[in-house]
4 protein chains.
Amino acid sequence: MTAVIGKRERILEAAIELFNRWGFTKTSLDEIARAAHIAKSTIYYYFPSKENLFIVAIEEKAEEFFCNLYTAIDASERFEDKLSCFLRLPITCIFENMPLLAMTMQQIPPDYFTDLLEKRNEYRQRMNELLAEIMDYGKSQGIINEKINSEHFSEMINDWFIMGDYWNKGDNKNKILKRLERDHNLMVQLLLYGILKRDTTQKVEEKKRIKG
Amino acid sequence: MTAVIGKRERILEAAIELFNRWGFTKTSLDEIARAAHIAKSTIYYYFPSKENLFIVAIEEKAEEFFCNLYTAIDASERFEDKLSCFLRLPITCIFENMPLLAMTMQQIPPDYFTDLLEKRNEYRQRMNELLAEIMDYGKSQGIINEKINSEHFSEMINDWFIMGDYWNKGDNKNKILKRLERDHNLMVQLLLYGILKRDTTQKVEEKKRIKG
Amino acid sequence: MTAVIGKRERILEAAIELFNRWGFTKTSLDEIARAAHIAKSTIYYYFPSKENLFIVAIEEKAEEFFCNLYTAIDASERFEDKLSCFLRLPITCIFENMPLLAMTMQQIPPDYFTDLLEKRNEYRQRMNELLAEIMDYGKSQGIINEKINSEHFSEMINDWFIMGDYWNKGDNKNKILKRLERDHNLMVQLLLYGILKRDTTQKVEEKKRIKG
Amino acid sequence: MTAVIGKRERILEAAIELFNRWGFTKTSLDEIARAAHIAKSTIYYYFPSKENLFIVAIEEKAEEFFCNLYTAIDASERFEDKLSCFLRLPITCIFENMPLLAMTMQQIPPDYFTDLLEKRNEYRQRMNELLAEIMDYGKSQGIINEKINSEHFSEMINDWFIMGDYWNKGDNKNKILKRLERDHNLMVQLLLYGILKRDTTQKVEEKKRIKG
DNA sequence: TATGAATGAGTCTTCATTCAT
DNA sequence: TATGAATGAAGACTCATTCAT
C-alpha cells in the first residue's frame, strides 16, 4: 500500500505545499515538521539544511515540469502547436506551483543562495535549448524565416516571456544594457507585426530592416 | 546647503539600496541603520514600521519611474516610438531598482502585506491605462488595426511582458485559466507574425481568424 | 533521583520567585533565564509566552493554596475555627507569595490579560462558595443567625477582606456603587458590634434594622 | 479665562487620566504628551522624570481625597457616622481613581520606587491617626469600650479593610507573622459579634477574653 | 532511524531620557 | 519657555541548527 509513505516523502510534500504558499523565508521548519507529522529534527536526518530542502523541492517539481513539457512538445506535429506548448505550459505550471517555481524561474534574483542560482541557470539553459530546437524544426519545415538566429531568438523570448533573467549577477551593467537594447528592437518588431494594419505592415518592415 | 542631507533621506537611501540588494525579509533594520550612520531607533522616528519604510521606498521609486515614463512617451511623436518607450523603460527601471520594484511589479505574489498588494494593483492599473492610450493613439493615426481591443491587449501585454499578474489572489482558478487561454492565443499570433516567412503569413492569419 | 530537577521546574521556580519579587512587567525573561541557569529561548520550549508562564505559575501556587485551605478547614471541628482558617490562611499565603497571588486575588485590576482575569474570577468563585459553606455549617450548628444570607455575606467578606473585586470591568459604575452602599452598611454593623460598649449595642442594632 | 490652562496642568491632567486607566508601566510619556497636546520633551521641563510625574499626580489626588475625608468626618456629629465616612470614602475614592490610588493605597508593594513607598507610608500614617481620633471621639462620647487600644485598632482596620500593608519591606518575616496573628484574633472577634445569634454572643465573647 | 531538548544569534519594536536650539 | 530630533538600552519572541540518546 502507499498508505504508509516514507517520512522523506512526507517532509518533501509538506515543504512544497508550504514553500508554495508562504515562500522560503516565511516558511519555518517548525511548520513543515508539524504539517508532515514528524519531529523537527527528523528533517535534518534527511536534508542537511533548509536551503537544501528548498532546492530538492524545486528539483522535484522542475523535473516533473520538464518531463511534461518534452512529452507535450514531442506529441505535437505542427510547428505552431509546438510553439504553443512551449508558451502555454510554463505559465500553467508556474500558476499551479507558485511561488515555488516562480522564485526559480521568474525575474526574482534569488538573493538567498548560490545553489539556487545555479539551478535556475540550468533550467534557463534547458528552456533555451528547447526553444532553439523548436525553431530549427520550424525552419526544417520551411515555415520559419532562416534569417532568424534560433539561439538568439530563444534567449530573448525566454527572457521576456518566460523566465526573465536580465539580472544575472555575474554580468556587468553595460553588457546587460546592450543586450536589452538588442532584444528590445526585436520585441517591438514582433509586436508591430501582430497589431499593425496589414497594408502598413510592409513599410514598417522595410523601415526596421534598414535600422536593424 | 544640501551638503548635509537630512537623516530621513539618508535612511531612505540606505533602505532602497539594501532592500534592492537583499530583499525585504533579508534586510534588517540594524543593517539599514548602520548603512545610514544613525541609531536604529532613529528609523522609528521617521517611519512607523519596517513595512512602512519599504512601502515609502517603493513609492519614491515608482513615482520617479512613472514620471520618466510619461515624459518619454509624451516626447515621442510616432506610435512605434511610444510603444518602444513603454516596453523599454520598465525593464530598464526594474533592472536598476531590482528587486525593490521587481517585487511590486513582477510576478511575485507579495505574501507579506496588503498595502503592498494594493500599491501593486494601483501601478498595474496605471500601466494598463497608459498602454491603452498609446494603442488608441496608434488607431487615431490609422496605423493600428481597429479590431484590436485596446484594453484587452494592454492587460495581456502587461501580464506577459511587464508586470505579470496572473496570481491576484481574489480571482479563482477557473477564471484565471480561462484568461490564460485567451491571452495565450493572442500571444502565439503576435509571435507568429514576427517569425513566419512572409508568404506563409497569410494562411496562418486566416486560420487564426476562423479559430478566434 | 530528584537531585537533577527538570528544566521546566527550574524555570517555574525562578519565575515564581521573580514575579513575586518584581511583578509581571518588571520581570524580564532574561532575568528568569539567568536565575534558572538556562538559555532564554529554552523558556519558549516549555511555555508559549511570558503571559502563559505567569498564569501557570499562579495556577501552581493557587492549587497549592486551595488544597491547604480545604484541608485545614475540614480538619477544624468548630465553626469559629473554620472561619478563623478562612481568614488567616489567605493572608498568610499572600504574604508568602506576594505579589504573585496578590495580583490575582487582591484589588488590582489586571490590565494585562483576559486569561488572568478569568483565573481570578474562578478563584473568587471558589472562595465565595467555601465561605458560604462555612456559614451554612454555622447555621446548621445553631450558632449563626439564619437571617444572614450566606452568599451575600460571603461576597462581601471576600470583597472587603480577602480578594477585593469592586473593579470587575463588566459591571457599570451605578451597579457597583449600589453594592458598595449595601456592603458598607453591613460592614459598619459588624464593626460596631465588635467595638461598642455592650449596653449600647442594642440601640445601634435596632437603628440599623430599621434602616437596612 | 480658564480657557488657556497652563501646560503643567494639562500634563498633570492627562497623566492622571492615563495612569488611572493603564497603570504606571503601561502608560508611556508619548501618550501623555499626545493627550496633553504638548511635545514630549516639554514634560521634562516641568517634571524631572516619569516617576516624579507619577508621584506628583498621586499627591494631587491624595490631597484632594484627604481634604474630602476630613471635611466629611468633621461634618458628622455622631460617632457611627464618622466611622461610616472613614470606611466608605476611601473605597469610593479608590473606585473612582483606580488604579492610581489603588497602587498607592492597596496591598501592592510598589516595586518601582522608594519615593512612592514613602508617600504610601505617609498616607497610611495619616489614615491611622484619623481613625484613632475617631475612636477617641467615640470613647469621649462614652460609646466605645475604653479597653480597646485606639492605635492598635486603627492599624489593624487599615491593614485589613483599607490599605493592607503587611508587606512593608523593612520589617522581617517573624515580626509580621506575629502581628498577623494578633490582628487575626481581633478580626475574628469582630466578625463573630456581627453574625452570631445574640444569645450565643456572650459565651464566645468570654471565651475570646480568656484566650486573648 | 528518529527525536526531544536545548540554544545562540538575530528580529522588530518600545521608551525614557538627553540636548541643541 | 518649549520642542524636534536623536538615541541606547532593553524587551519579547523566532528559528535554524545541534546533540545525546
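The sequence lines fix the lettering, A, B, ..., with proteins before strands; numbering per chain opens at 1.
Between B:E31 and B:R34 there is no salt bridge, since no side-chain nitrogen of the basic residue lies less than 4.0 Å from a carboxylate oxygen of the acidic one.
If you take CD1 of B:I11 and P of E:dC12, they are 14 Å apart, rounded to a whole angstrom. Distance CZ (C:R10) to P (E:dA5): 14 Å, rounded to an integer number of Å. One interatomic measurement links the two molecules: CZ of A:R8 to C1' of E:dA2, which rounds to 16 Å at whole-angstrom precision. Straight-line distance from the CZ atom of C:F47 to the P atom of F:dC13: 14 Å, rounded to whole Å. Residue C:I43 contributes atom CD1, which lies 13 Å from atom P of E:dG8 at whole-angstrom precision. Between D:R34 atom CZ and F:dT3 atom C1' there is a gap of 16 Å when expressed in whole angstrom units. Between the P atom of E:dT3 and the OH atom of C:Y45 lies a distance of 12 Å, rounded to the nearest Å. A straight line from CG of A:N52 to P of F:dA16 spans 14 Å, rounded to a whole angstrom.
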Query raised in the report: Could you write out DNA chain F as a dot-bracket string, with dots for unpaired bases, | for bases paired across to another strand, and Watson-Crick or G-U pairs counted at under 3.5 Å?
Result: .||||||||||||||||||||
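The salt bridge (Lys or Arg N to Asp or Glu O under 4.0 Å) check on D:E122 picks up D:K119, D:R126, with sequence neighbours excluded.
Residues D:Y46 and D:L12 form no side-chain contact, since every pair of their non-hydrogen atoms from C-beta on lies 4.5 Å or further apart. B:N20 is not listed as a side-chain neighbour of B:K61, based on a closest heavy-atom distance of 4.5 Å or more. Within the 4.5 Å cutoff, the side chain of A:E17 has no heavy atoms near those of the A:W22 side chain. Side-chain contact between D:R10 and D:E13: absent, with no pair of heavy atoms (C-beta onward) separated by less than 4.5 Å. Using a 4.5 Å heavy-atom threshold, the side chains of C:R8 and C:I11 count as separate.
Annotation: cation-pi pair D:K50/D:F24 present, NZ/CZ under 6.0 Å from the ring centroid and within 45° of its normal.
Taking for each of B:K7 and C:E31 the nucleotide of DNA chain F with the nearest heavy atom, the 5'-most of the two is the partner of B:K7.
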Query raised in the report: Which nucleotides of nucleotides 16-21 of chain E have their base under 4.0 Å from a protein heavy atom (B), which only their sugar-phosphate (S), and which neither (-), written as one string 5' to 3'?
Result: BBBB--
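Counting only distance, with no hydrogens or angles, the side chain of D:T27 and the backbone of D:L18 share a donor-acceptor pair below 3.5 Å.
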